[in-house]
Enquirer: 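First the structure, which I've put down as structure tokens, then a few questions once you've had a look.
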Amino acid sequence: MSGIFETLMLICFGLSWPMNLVKSIRAKTAKATSLKFLILIFAGYICGIAAKFISGQINYVLIVYFLNLAVVGANLIVYFINANNDKKIKDSII
């Protein structure tokens with residue numbers, strides 16, 4: 001039963017990441033995005049995955065961890081693309 005609740009928690013948190021990703025892609029800027037926050041979330045998912053392996057609880061919940069990790073990773077990639085775009089715009093103004 002705890003696995004079901006853990007999965008539901010991960011799904012609830014995980015649903016926000018694709019929405020954030022789409023918003024970041026459309027915005028084409030990194031100005032409203034916190035790199036530190038994204039890195040902390042990414043590290044948190046890695047810790048959750050590591051905890052599953054260390055405890056030997058390798059089950060379906062890992063799939064949700066990996067999906068969330070992938071989407072947060074995509075958010076990180078888009079952050080760096082957008083930050084590069086911001087830099088190009090700033091450099092072209094100066």
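FYI, the numbering just counts along the sequence from 1.
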Enquirer: Can you tell me how far the CG atom of Asn68 sits from the CG atom of Leu15, to the nearest 0.5 Å?
Expert: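 Here the interatomic distance stands at 8.5 Å.
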Enquirer: Under a 4.5 Å side-chain heavy-atom rule over Ile, Leu, Val, Met, Phe, Trp and Tyr, are Tyr60 and Val71 clustered together?
Expert: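 Yes, same cluster.
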Enquirer: If I take atom NZ from residue Lys52 and atom CD from residue Glu6, how far apart are they, to the nearest 0.5 angstrom?
Expert: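 Reported value, rounded in 0.5 Å steps: 3.5 Å.
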Enquirer: For the residue pair Ile25 and Asn82, establish whether any side-chain heavy-atom pair is separated by less than 4.5 Å.
Expert: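 Not in contact.
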Enquirer: Are the side chains of Phe37 and Ile41 in touch, meaning some heavy atoms are under 4.5 Å apart?
Expert: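 Yes, at least one pair of side-chain atoms sits under 4.5 Å.
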Enquirer: What residue among Leu10, Ile11, Ile4 forms side-chain contact (heavy atoms from CB on, under 4.5 Å) with Thr7?
Expert: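 Of Leu10, Ile11, Ile4, side-chain contact (heavy atoms from CB on, under 4.5 Å) with Thr7 is met by Ile11 alone.
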Enquirer: Can you name the nearest heavy-atom pair linking Thr33 to Ser24, along with the distance?
Expert: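 Scanning both residues completely, I find the closest heavy atoms to be OG1-OG, 4.2 Å.
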Enquirer: Does Met9 form a side-chain contact (heavy atoms from CB on, under 4.5 Å) with Phe5? I'd like the steps, not just the answer.
Expert: CA-CA 6 Å; Met9 182 262 318; Phe5 284 115; over 6 Å; no
Enquirer: Return the minimal non-hydrogen interatomic distance between Lys28 and Asp86, and the atom names on each side.
Expert: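 Taking every non-hydrogen atom into account, O-OD1, 3.9 Å.
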Enquirer: Could you pull out the closest heavy-atom pair between Ala83 and Ala30, with the gap in Å?
Expert: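 Shortest heavy-atom contact: N-CB, 3.7 Å.
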Enquirer: To the nearest 0.5 angstrom, please state how far the OH atom of Tyr79 sits from the CG atom of Leu21.
Expert: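 Tyr79 atom OH to Leu21 atom CG measures 15.5 Å (nearest 0.5 Å).
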Enquirer: Indicate yes or no: at least one non-hydrogen side-chain atom of Tyr65 is less than 4.5 angstrom from one of Val61.
Expert: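 Counting from C-beta outward, Tyr65 and Val61 do come under 4.5 Å.
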Enquirer: With side-chain contact (heavy atoms from CB on, under 4.5 Å) as the test, would you mind laying out the steps for Leu62 and Ile49 before giving the verdict?
Expert: CA-CA 7 Å; Leu62 271 173; Ile49 291 167; 4.0 Å; yes
Enquirer: If two hydrophobic side chains count as joined below 4.5 Å and joins carry through other members, does Phe13 share a cluster with Val22?
Expert: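 They do not share one cluster, since no chain of ILVMFWY contacts under 4.5 Å joins Phe13 to Val22.
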Enquirer: List the steps and the verdict of side-chain contact (heavy atoms from CB on, under 4.5 Å) for Leu35 and Leu76.
Expert: CA-CA 8 Å; Leu35 178 60; Leu76 280 165; 3.7 Å; yes
Enquirer: Side chains of Leu38 and Trp17: closer than 4.5 Å at any heavy-atom pair?
Expert: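 The answer is yes; the side chains approach within 4.5 Å.
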Enquirer: Evaluate the criterion side-chain contact (heavy atoms from CB on, under 4.5 Å) for residue pair Asn75 and Phe42; output intermediate values, then yes/no.
Expert: CA-CA 10 Å; Asn75 272 281; Phe42 193 82; over 6 Å; no
